[in-house]
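Below you will find the structure I want to go over with you.
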Amino acid sequence: MLLTDYIDSVYGTARGNRARFLKDNPDILPQELSRWLKAGLKIRPETGEIYKPVSRRVRIPSAVAAGAGVFLSDNLRERVASLATAQNVTSEAMLNALVDREELCRKLSLQAESDTAVPEQLIAGIVSRHFAVLSEVSETDAWHRVLEALVRELTESDLLSFLTGNIAESRRLNIPRTAYYWYGGFVAKRVAMMLGCHDIYLWNEMIRPDSDVVFVGDARNVVACYFICQQMCRQLKAVRLHWRKLQGAWGSRTELDEAAHRYTQRLAEGIVDNGIFIGGDEYNTYRLYDYAEKHYAWAMR
């Protein structure tokens, strides 16, 4: 940030702004300030360091930014600037908003840990209400709008957590084995990733014609994962049956069933490619995987 821009932003652009700057910084002489401004020196606001810019720039990898004492890596700075531009605010305002939101989420997470009951019926009702607008002929964009609105409402209603407190398990979600093979498996995995959870496929119970999935993560998030995945699998089944009915008899039953499953699989792949992601940092991802290893080792092989 240019020193002149810093003075304008902090002390205003009216006459006397440099005098106010010098009053707050009595160790800086007026002639020094004049030389610095003419030379186009820059200031690092987070440290107060004044420096002379050069024509070259060092690219700082994200992995070493914190260890090198840098507040933001180049990649993160560009992402923050992009978000700020999209919202028509400054980067500083965007960072303040993100920090405020993170602090609020932490407080909500701590409150949730002290509460033993998770409002399952409330979450189930919200999920059902959003999925009710979908039909057998809904396009991918309609699915994306439903999922985005659903996650937004659950988040604003404090029914989703951005942080993983005490790890909890969902109920077992039963999915027909054929549906799990074609689309249910990656739907469950993607829904878990969306909400910062981890899905576990109980593959050892092979003699049953169904597949069971368990979600592990924050107590509220695993409940949301259960009902969202349940509704998605039900709706995708309706899509498959409707598409199969429209095909007539151009092939054998096996060929028609496989074509219907492939159609549903392609639709499901487009649905889960939605960019929704509210959690799952490296530390919490490790916690969830470690939990799954300890409690479901036989399913993690």
Side-chain angles (χ1 to χ4, degrees), residues 119-157 159-160 170-195 197 199-203 208-215 220-278:
E120 290 195 12
Q121 294 304 317
L122 177 59
I123 295 176
I126 293 175
V127 173
S128 297
R129 172 162 50 82
H130 280 272
F131 274 89
V133 304
L134 295 173
S135 68
E136 296 86 352
V137 295
S138 296
E139 297 292 339
T140 304
D141 289 343
W143 282 81
H144 287 176
R145 289 193 296 270
V146 165
L147 290 173
E148 290 169 359
L150 171 59
V151 172
R152 185 183 304 112
E153 180 175 349
L154 290 175
T155 303
E156 293 174 350
S157 302
L159 297 175
L160 284 179
S170 71
R171 287 182 284 167
R172 288 191 175 192
L173 176 60
N174 185 262
I175 304 175
R177 182 64 51 82
T178 304
Y180 185 90
Y181 170 78
W182 282 103
Y183 54 83
F186 64 81
V187 166
K189 185 172 293 296
R190 185 64 181 85
V191 169
M193 293 174 61
M194 283 167 46
L195 305 186
C197 297
D199 70 300
I200 304 172
Y201 170 42
L202 307 182
W203 57 267
R208 295 177 54 190
D210 301 315
S211 297
D212 283 338
V213 178
V214 170
F215 299 98
R220 292 166 291 175
N221 293 25
V222 296
V223 173
C225 283
Y226 177 91
F227 288 115
I228 291 175
C229 189
Q230 182 185 62
Q231 287 289 341
M232 289 186 67
C233 289
R234 287 177 178 175
Q235 192 65 34
L236 287 170
K237 178 182 178 180
V239 170
R240 177 179 62 83
L241 295 176
H242 177 75
W243 190 89
R244 172 71 170 79
K245 184 179 180 180
L246 295 177
Q247 298 309 300
W250 55 261
S252 66
R253 178 178 178 180
T254 301
E255 291 173 332
L256 290 171
D257 287 343
E258 181 175 350
H261 277 114
R262 291 192 182 279
Y263 171 81
T264 311
Q265 182 185 52
R266 290 192 298 270
L267 175 63
E269 289 173 347
I271 293 170
V272 297
D273 185 18
N274 50 45
I276 301 174
F277 188 73
I278 71 167

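Hydrogens, waters and symmetry mates are skipped; everything else that's a heavy atom, side chains included, is used.
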Legend entry - Short side-chain to backbone donor-acceptor contact, S138 and S135, under 3.5 Å: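 Checking the backbone N and O of S135 against the side chain of S138, a donor-acceptor pair under 3.5 Å is found.
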Legend entry - Sidechain-backbone polar pair: Q265 side chain, W182 backbone, donor-acceptor under 3.5 Å: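 Yes, the answer is positive, given that a donor and an acceptor are paired below the 3.5 Å cut-off.
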Inset, instruction - Please assess I126 against F227 for the test side chain to side chain contact (heavy atoms under 4.5 Å, CB included), listing each intermediate value before the final yes or no. - result: CA-CA 10 Å; I126 293 175; F227 288 115; over 6 Å; no
Legend entry - Donor-acceptor under 3.5 Å (N274 side chain, I271 main chain):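 Present.
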Legend entry - Side chains of R220 and L160 in contact at under 4.5 Å (non-hydrogen atoms):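 Side chain of R220 against side chain of L160, heavy atoms only: no contact under 4.5 Å found.
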Legend entry - Qualifying residues under side chain to side chain donor-acceptor pair (under 3.5 Å), relative to R266, sequence neighbours excluded: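 If we apply the side chain to side chain donor-acceptor pair (under 3.5 Å) test to R266, skipping adjacent residues, there are no hits.
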Inset, instruction - Determine yes or no for a side-chain-to-main-chain donor-acceptor pair under 3.5 angstrom, with N221 supplying the side chain and L195 the backbone. - result: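 Present.
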Inset, instruction - For side chain to side chain contact (heavy atoms under 4.5 Å, CB included), just list the numbers for I123 and Y226, CA-CA rounded to whole Å, side-chain angles, deciding distance to a tenth of an Å, and then say yes or no. - result: CA-CA 10 Å; I123 295 176; Y226 177 91; over 6 Å; no
Legend entry - For S157, all residues meeting side chain to side chain donor-acceptor pair (under 3.5 Å), sequence neighbours excluded: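 Counting only residues at least two positions away or on another chain, S157 forms no side chain to side chain donor-acceptor pair (under 3.5 Å).
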Inset, instruction - Report yes if the side chains of F215 and L173 come closer than 4.5 Å at any heavy-atom pair, otherwise no. - result: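 In short, these two side chains touch, coming nearer than 4.5 Å.
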Inset, instruction - Using a 4.5 Å cut-off on heavy atoms from C-beta on, say whether the side chain of W143 contacts that of M232. - result: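 SC-SC contact between M232 and W143 confirmed.
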Legend entry - From CA spacing to verdict: side chain to side chain contact (heavy atoms under 4.5 Å, CB included), W243, E136: CA-CA 8 Å; W243 190 89; E136 296 86 352; over 6 Å; no
Legend entry - Cationic N near anionic O, under 4.0 Å, E153 to R129: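 Yes, charged N to carboxylate O under 4.0 Å.
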Inset, instruction - Examine distances only and state if a side-chain atom of R190 and a backbone atom of V272 form a donor-acceptor pair shorter than 3.5 Å. - result: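 Looks like yes, one N/O pair under 3.5 Å.
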Inset, instruction - Determine whether V213 and Y180 make a side-chain contact, defined as any pair of heavy atoms from C-beta on separated by less than 4.5 Å. - result: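 They are in side-chain contact.
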Inset, instruction - Return yes when atom CD of E139 has more than 12 non-hydrogen atoms of other residues, nucleotides or ligands closer than 6.0 Å, and no otherwise. - result: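 Counting other residues, nucleotides and ligands, CD of E139 stays at 12 neighbours or fewer.
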Legend entry - Donor-acceptor contact below 3.5 Å, side chain H130 vs main chain V151: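 No; judged by distance alone, with no hydrogens or angles, the pair does not exist.
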